[in-house]
Colleague: 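Below: one structure in structure tokens.
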Amino acid sequence: RFALAVARALLRGGFALRDGHLPPAAHDIPEAFTSVGVAPAADPAHDTRQLDHLARLGVRRVRLDFTYGDADGPPARLLGKLASAGYRVSLHLLQPFEEARRMPDAMAAERWRSFLADTLERFGELADHIEVTSTVNRKRWAGYTLEGLLAAWGIAHEEVRRRGLVLAGPSITDFEPVYNVGLLALLRERGQLPDLHTDNLFAERALRPERWDHKILGERLAPLIRFNLVKKARLLARIGAQAGVPRLVSPAAFWTLPRIERRLPDSEQKQADYLTRYFVLCAASGALEHAGWGPLACHREGLVDDGPQPYPKLERITHYARVSGPEYRPRPAFDALAAFNRFIPGTRYEGRLSRNADIEVHAFSAPGRCLHVVWTPNARCAALPDLYAANDLAGAQLFDRDGTALSGGPVTASRLATLAVTEKPLYLLWTGDLRPAVSACAAPLPGVSVNAHGPGHLYYHRAGDWHGMVRAADGAAADALITALHPEAIGAPQREATLRHARNAIWTVADPCHSGGRLVVKQPVKHHFHKKLLDRLKPSKARRSWNGACELERRGLGTAAPVAWFEQRSGDDLTRNWYVCAHVGGQLSIGTLFSAYARGESTHAGIAAGQAYAALAAFLLHMHGRGIFFRDLSGGNILVCPQADGELAFQLIDTARIRLYPRGVPLRQRMADLARACHKLHPPGREAFMALYLDELGQRFTARRRMAFALYDLKAALKRRLRKTAFYKALKR
């Protein structure tokens, strides 16, 4: 019967929803829209800390897991305190895993009924609703067979209905709508439908909240079927309504830090980004009565870090049993949820205002105010003046993702810099009756990558024939950088400050924001004839250098910190662009070390050859694993930074040629990078280094790979010889 219900829905188009990826406009967001999971500890003092955190979050709903033996333990104590404090409690009643596996055994069923009856008699009136069963489509988490689940549900339905309480379920995890269709059909047939249809609506598997879910039909077809978070929520709401349960709730969802760290290093910052974007989209969908985060306090995915501890046998989405402490550290995601609760619940959703798929602009309104939440996909950015008219921006108050007011107005007559829109959401607030429109032509800045989680904020500048971007602590510092580094002010390099003058001029200038500090400026000076043709099809060299440095930072790899780029907007003159980064002085390079080892030194500058090989191999494995194909990995572009603990760190410079891969770099491209890096290293050193690198990949340094290195050596030697010829010198002139 389950399969028949699914087949019937499939044949009738029940899994299709035309334009379902677009959020509908004009619906109200409930005051108690968000919730969070809570759990007790043996020490009652932990209850006070949890209540304090909940008050700071501004949530009005909580979810508490309750199982056998909890009625006379810490969970019951915490439940009483939550109810007394006025929280609307989702009391999640579940069987222990082994008991769920035994269902529908008569003895197990009787123990379940006894637990339900006792718990509901004692605590049912304290709960806003009763949620039963857990993650029923994950047998290894919940333990149920289909027959066991239906038996447990039938008993729970009878006991909850007998007491006139609100029943929620069946708590499916993730977007697997065949389970929603099949189970709701069976429950309707038995007369056992819940009052609230629950689905733990994770978006973690799609990586970021607004992305098409590639796990449904694959990367290529995902843009065709357009299953994003909004469409998932709307489809599940329709499935529930057709079955007779029009109210949909997502009790729990989260992003685990280890999963984020597979791709990006700033996992806590990304978790906070994703939380804000997730809840905004859930609210925009109009499909959810309320949506919840998973655990309040947990080392792996909590809003609060309660310290490292062994992970429990059961996933916390199945049973969030306890917190440990003793220390509780709020993460950025905590502040992000507090900001969302401050701005969004109780408003009216007015719609998605951007026509561009790569800029999210969601409008909410309340009496006397209008609020927009704005962000771009990861690594992209947009200029606020490209989204809004200047007079609209002048009247806006800006708040960052965590609810902090950003100093300085975004656009005034005297301000040079405007905050850039990035993957880190911004709140724009207008008071009064103003309802700003978003430009129909709004789009991300083409060919610009950013690291939204570097120090400070990103500011964009456009005036006359110039535009560019700076990274600064605030608007005043951004204005100072623009004034000092603008192409019309920076001037020609001074002889005493020049570091290099060949194809590129590289020189240092004073840092206007830090007394005594220095910045490095790089400007292209000469282009070969073929480069003049090819480079007109690319972003300027300054912008490519900025992009490469930002991508290195985003992926947790050391580089001289990017500070600014400027370029001529027309692009007519390929030399009229500047890249500015932090000055990294007094560092060794891998080229210097490898040359010393090739001369027979076993140690140079206190660094043994074996230590350098091992540290560099680990660094480059990390770089290639994060999808960075450097393409100019000469020894001089790899700076060596000895650490206080004796370990070696590295920074990469000259970042204009970087090419990105979505996952890891293919082996052939890795070999091209390594041939450049090892050019100054003698054969025994190459053997040792390449063995360390390739062993981690399960590969060997074969004769064919040695030949590729030899060919690069030959190419470099011919190039050096050619540069000494009169023909080359004449061509260069």
Colleague: Let's go through N378 and Y274 carefully: what are the C-alpha distance in whole Å and the side-chain angles of both, what is the deciding distance for side chain to side chain donor-acceptor pair (under 3.5 Å) to 0.1 Å, and is it a yes or a no?
Modeller: CA-CA 10 Å; N378 294 353; Y274 291 158; 3.0 Å; yes
Colleague: Run the salt bridge (Lys or Arg N to Asp or Glu O under 4.0 Å) test on R352 and E210 for me, step by step, so that the C-alpha distance in whole Å, both residues' side-chain angles and the decisive distance to 0.1 Å come before the verdict.
Modeller: CA-CA 12 Å; R352 185 182 189 276; E210 61 282 339; over 6 Å; no
Colleague: Check this for me, if you would: do E261 and K270 make a salt bridge, where the nitrogen-to-carboxylate-oxygen distance has to be below 4.0 angstrom?
Modeller: no
Colleague: Between A252 and I317, what is the shortest heavy-atom contact and its length?
Modeller: CB-CD1, 3.4 Å
Colleague: Would F202 and F175 count as a ring pair (Phe, Tyr, Trp, His ring centres under 6.0 Å) here? Give the steps.
Modeller: CA-CA 7 Å; F202 279 84; F175 180 70; over 10 Å; no
Colleague: Are L235 and F227 packed together at the side-chain level, in the sense that at least one heavy-atom pair is separated by less than 4.5 angstrom?
Modeller: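 Side chain of L235 against side chain of F227, heavy atoms only: contact under 4.5 Å found.
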Colleague: Between atom OG1 of T133 and atom CG of L94, what is the distance when rounded to the nearest 0.5 Å?
Modeller: 9.0 Å
Colleague: Any carboxylate oxygen within less than 4.0 angstrom of a Lys/Arg side-chain nitrogen, looking at R380 and E423?
Modeller: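 No, R380 and E423 are not salt-bridged.
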Colleague: Are side-chain N/O atoms of R300 and Q309 paired as donor and acceptor at under 3.5 Å?
Modeller: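 No, Q309 and R300 have no side-chain donor paired with an acceptor closer than 3.5 Å.
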Colleague: Run F33 and H290 through ring pair (Phe, Tyr, Trp, His ring centres under 6.0 Å) and show every step you take.
Modeller: CA-CA 4 Å; F33 183 72; H290 57 87; 7.9 Å; no
Colleague: Would D72 and R122 pass as an ion pair if we require N to O under 4.0 Å?
Modeller: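 The answer is yes: the pair qualifies as a salt bridge.
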Colleague: Nearest 0.5 Å, please: how far is CG in N200 from OG1 in T173?
Modeller: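 Atom-to-atom, T173:OG1 and N200:CG are 4.0 Å apart.
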Colleague: Find out whether Y144 and L146 are in side-chain contact, i.e. whether some heavy atom of one side chain is under 4.5 Å from a heavy atom of the other.
Modeller: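 A side-chain contact under 4.5 Å is absent here.
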Colleague: Run L93 and T67 through side-chain contact (heavy atoms from CB on, under 4.5 Å) and show every step you take.
Modeller: CA-CA 6 Å; L93 305 183; T67 191; over 6 Å; no
Colleague: When rounded to the nearest 0.5 angstrom, what is the spacing between NZ in K232 and CG in L17?
Modeller: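 Interatomic distance, K232 NZ to L17 CG, rounded to 0.5 Å: 14.0 Å.
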Colleague: Side chains of D305 and H299: is there a donor and an acceptor less than 3.5 Å apart?
Modeller: yes
Colleague: Where does the angle between the aromatic ring planes of H372 and W430 fall among parallel (under 30°), tilted (30 to 60°) and perpendicular (over 60°)?
Modeller: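 Rings of H372 and W430: perpendicular, as their planes differ by over 60°.
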Colleague: Flag the pair L150 / L186 as yes when at least one side-chain heavy-atom distance between them is below 4.5 Å, and no otherwise.
Modeller: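 Side chain of L150 against side chain of L186, heavy atoms only: contact under 4.5 Å found.
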Colleague: Identify whether the distance between the nearest side-chain nitrogen and carboxylate oxygen of R163 and E121 falls below 4.0 Å.
Modeller: yes
Colleague: Return the minimal non-hydrogen interatomic distance between P265 and R554, and the atom names on each side.
Modeller: CD-O, 2.7 Å
Colleague: To the nearest 0.5 Å, how far apart are CG in D199 and OG in S171?
Modeller: 8.5 Å
Colleague: Begin from the C-alpha positions of Q397 and L406 and carry the test side-chain contact (heavy atoms from CB on, under 4.5 Å) through to its verdict.
Modeller: CA-CA 8 Å; Q397 301 176 56; L406 297 170; over 6 Å; no
Colleague: Got a salt bridge between E553 and R471, using NZ or NE/NH1/NH2 to carboxylate O under 4.0 Å?
Modeller: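 The answer is yes: the pair qualifies as a salt bridge.
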Colleague: Salt-bridge test for R205 and D213: reply yes if a basic N is under 4.0 Å from a carboxylate O, no otherwise.
Modeller: yes
Colleague: Taking the side chain as C-beta and beyond, is there a heavy-atom pair between H53 and L296 under 4.5 Å?
Modeller: yes
Colleague: Using every non-hydrogen atom in the two residues, find where P295 and Y320 come nearest and quote the distance to one decimal.
Modeller: CB-CZ, 3.5 Å
Colleague: Looking only at the aromatic ring of each residue, does the gap between the centers of F66 and H92 stay below 6.0 angstrom?
Modeller: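 Distance test on ring centres: not under 6.0 Å, no.
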Colleague: Between R101 and E99 (salt bridge meaning N to carboxylate O under 4.0 Å), is one present in this structure?
Modeller: no
Colleague: With a sphere of 6.0 Å drawn around NZ of K81, does it hold more than 12 non-hydrogen atoms of other residues, nucleotides or ligands?
Modeller: yes
Colleague: Measure across A203 and L229 and return the closest heavy-atom pair with its distance rounded to 0.1 Å.
Modeller: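 Reported closest heavy-atom pair: CB-CD1, 4.4 Å.
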Colleague: Between R369 and T347, is there a side-chain heavy-atom distance shorter than 4.5 Å?
Modeller: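 Yes, close enough: below the 4.5 Å cut-off.
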Colleague: Judged by atom type as modelled, is there a donor-acceptor pair below 3.5 Å linking the side chain of R348 to the main-chain atoms of I29?
Modeller: no
Colleague: Step through the shown structure and confirm whether more than 12 heavy atoms of other residues, nucleotides or ligands are within 6.0 Å of OH on Y349.
Modeller: yes
Colleague: Should the ring pair F279 and W293 be called parallel, tilted or perpendicular, given that the plane angle runs from 0 to 90° and is split at 30 and 60?
Modeller: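 The rings of F279 and W293 sit tilted, inter-plane angle from 30° to 60°.
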Colleague: Please give me the minimum heavy-atom distance between R277 and P209, naming the atom from each residue.
Modeller: CB-CG, 3.9 Å
Colleague: Would F343 and F364 count as a ring pair (Phe, Tyr, Trp, His ring centres under 6.0 Å) here? Give the steps.
Modeller: CA-CA 9 Å; F343 288 120; F364 300 83; over 10 Å; no
Colleague: Testing the 3.5 Å rule here: is there a donor-acceptor pair between the side chains of H453 and D273?
Modeller: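 Yes.
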Colleague: Is it the case that over 12 heavy atoms from other parts of the model lie below 6.0 angstrom from the CD atom of E31?
Modeller: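 Correct, the count exceeds 12.
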Colleague: Within the 4.5 Å heavy-atom criterion, are L54 and V38 side-chain neighbours or not?
Modeller: yes
Colleague: Quick one: do the E360 and T376 side chains pair a donor with an acceptor below 3.5 Å?
Modeller: no
Colleague: Under a 3.5 Å cutoff, is there a donor and acceptor pairing between the side chains of E131 and H129?
Modeller: no
Colleague: Look at the aromatic rings of H21 and W212 and report parallel, tilted or perpendicular, splitting at 30° and 60°.
Modeller: perpendicular
Colleague: How about H46 and Y328: are their ring centres within less than 6.0 Å of each other?
Modeller: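 Ring-ring flag for H46/Y328: true, centres closer than 6.0 Å.
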Colleague: Please state whether the rings of Y278 and W255 are parallel, tilted or perpendicular, taking 30° and 60° as the class boundaries.
Modeller: perpendicular
Colleague: As a quick check of understanding, evaluate side-chain contact (heavy atoms from CB on, under 4.5 Å) for L51 and L82, giving each step before the final call.
Modeller: CA-CA 8 Å; L51 289 167; L82 291 167; 3.8 Å; yes
Colleague: State whether D70 and R77 are salt-bridged, where the test is any N-O pair (Lys NZ or Arg NE/NH1/NH2 against Asp/Glu carboxylate O) under 4.0 Å.
Modeller: no
Colleague: Do the side chains of L183 and F2 get nearer than 4.5 Å, heavy atoms only?
Modeller: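 Sidechains of L183 and F2: in contact.
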Colleague: Output the distance between atom OG (S324) and atom CG (D43), rounded to the nearest 0.5 Å.
Modeller: 12.0 Å
Colleague: With rounding to the nearest 0.5 Å, note down the distance linking CH2 in W375 to OG1 in T276.
Modeller: 8.5 Å
Colleague: Kindly determine whether H197 and N180 satisfy side-chain contact (heavy atoms from CB on, under 4.5 Å), including the steps that lead there.
Modeller: CA-CA 9 Å; H197 171 203; N180 302 78; 2.9 Å; yes
Colleague: So does E158 pair up with R113, basic N to acidic O under 4.0 Å?
Modeller: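 A salt bridge is present here (some side-chain N lies under 4.0 Å from a carboxylate O).
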Colleague: Taking all non-hydrogen atoms of both residues, which atom of C298 and which atom of R316 are closest, and how far apart?
Modeller: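 Looks like SG-NH1, 3.1 Å.
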Colleague: Can a salt bridge be assigned to the pair E176 and R138 using a cut-off of 4.0 Å between side-chain N and carboxylate O?
Modeller: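 Yes, this pair counts.
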Colleague: Measure from the side-chain N and O atoms of H27 to the backbone N and O of A283, and report whether any donor-acceptor pair falls under 3.5 Å.
Modeller: yes
Colleague: Could you check D195 against R161 for salt bridge (Lys or Arg N to Asp or Glu O under 4.0 Å), going step by step and ending with a plain yes or no?
Modeller: CA-CA 10 Å; D195 301 296; R161 285 284 182 263; 2.9 Å; yes
Colleague: Could you tell me whether the side chain of H319 reaches within less than 4.5 Å of the side chain of S134, counting heavy atoms only?
Modeller: no
